[in-house]
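The first residue of the sequence shown is numbered 1, and numbering continues consecutively from there.
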Amino acid sequence: MSLRTTRKRLGAAVVAALAVGAMAVSASPASAKMSDGYVRGYDEFAGDWGDEGELGRELGQTPDVSVSNAVCLWQRILWAEGARKTHQPGSPKFSKSDIDGVFGWDTYYATANLQRQWDIGVDTWVGNETFGRADNQLVKTGGSIDRGETLYLKYNGKEHDFNLRRNTQGIYLFPDANDDWRQAGYNYLSCG
């Protein structure tokens, strides 16, 4: 290989590395992943939930996210949207008393029904597409989107609304079934 060819390739590699580095520095993640332990976001709140961990019925996951405060947040959304607990017309809707943090059969079927209502893939899992679709319903009501500041939000559901806040660490807090404030975490249950 000639010296000229080597220089061209080296120059192209340096330019590519600089471009990748610039994109990494300029791209600020909207929220943290499940490994962080919390439903979390930073800066703009739009898209905060689109990269969260998956919630679902399958037991034995590590960590077992089928029982957690993150499930309680999801159940609060099911209640706000008026999701039905079975596929049968006229079946009971998800109620506040169903918010227990356990991704049981009622949550499973209500999730499938809400996915149908939203016209997204029906897989009964609350992953990027489903959780991401839910954060389209968030509206800022006060506070600041700046890091280290508290942001106040409202979830505008089809049948009910509820308030949320993102604290100074970026962690989402929501009212549980008794309207007590809880942190949306994956590794513990305090809202049931």
Rounded to the nearest 0.5 Å, what separates atom [atom1] in [X] from atom [atom2] in [Y]?
X: D43; Y: L151; atom1: CG; atom2: CG; answer: 10.5 Å
X: T111; Y: W125; atom1: OG1; atom2: CH2; answer: 11.0 Å
X: F174; Y: N163; atom1: CZ; atom2: CG; answer: 13.5 Å
X: I77; Y: L164; atom1: CD1; atom2: CG; answer: 7.5 Å
X: L173; Y: R182; atom1: CG; atom2: CZ; answer: 10.5 Å
X: N113; Y: Y108; atom1: CG; atom2: OH; answer: 11.0 Å

If only atom types and distance count, is the side chain of [X] paired as donor or acceptor with the main-chain N or O of [Y] below 3.5 Å?
X: Q117; Y: A83; answer: no
X: E44; Y: I145; answer: no
X: R165; Y: T150; answer: no
X: Q115; Y: I120; answer: no
X: R84; Y: S91; answer: yes
X: R40; Y: Q169; answer: yes
X: E81; Y: G157; answer: no

Looking at [X] and [Y], what are the two nearest heavy atoms and their distance?
X: N187; Y: G37; value: ND2-CA, 3.6 Å
X: T141; Y: L153; value: OG1-N, 3.6 Å
X: A70; Y: V39; value: CB-CG2, 4.2 Å
X: L189; Y: C72; value: CD1-SG, 4.0 Å
X: W118; Y: T130; value: CZ3-O, 3.7 Å
X: F94; Y: A110; value: CD1-CB, 3.8 Å

Practice prompt. Among D180, D179, D161, find the residue that satisfies the salt bridge (Lys or Arg N to Asp or Glu O under 4.0 Å) test when tested with R76.
Written response: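 That would be D179.
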Practice prompt. Kindly determine whether Y186 and D36 satisfy side-chain contact (heavy atoms from CB on, under 4.5 Å), including the steps that lead there.
Written response: CA-CA 9 Å; Y186 293 100; D36 176 62; over 6 Å; no
Worksheet item: Quick one: salt bridge (Lys or Arg N to Asp or Glu O under 4.0 Å) partners of D98, sequence neighbours excluded?
Response: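 Checked D98 against salt bridge (Lys or Arg N to Asp or Glu O under 4.0 Å); matches are K85.
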Practice prompt. On the 0 to 90° scale, with breaks at 30° and 60°, tag the F131-W49 ring pair as parallel, tilted or perpendicular.
Written response: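 Ring orientation, 0 to 90° scale: tilted.
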Practice prompt. For ring pair (Phe, Tyr, Trp, His ring centres under 6.0 Å), just list the numbers for W74 and F103, CA-CA rounded to whole Å, side-chain angles, deciding distance to a tenth of an Å, and then say yes or no.
Written response: CA-CA 9 Å; W74 177 247; F103 204 110; 7.9 Å; no
Discussion item. Determine whether L78 and Y109 satisfy the following criterion, side-chain contact (heavy atoms from CB on, under 4.5 Å), listing intermediate values before the conclusion.
Written reply: CA-CA 10 Å; L78 292 172; Y109 287 117; over 6 Å; no
Practice prompt. Using distance alone, with no hydrogens and no angle criterion, decide if Q183 and N69 have a side-chain donor and acceptor under 3.5 Å apart.
Written response: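 Short answer, no.
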Discussion item. Tell me if the NZ atom of K140 is crowded by more than 12 foreign heavy atoms within 6.0 Å.
Written reply: yes
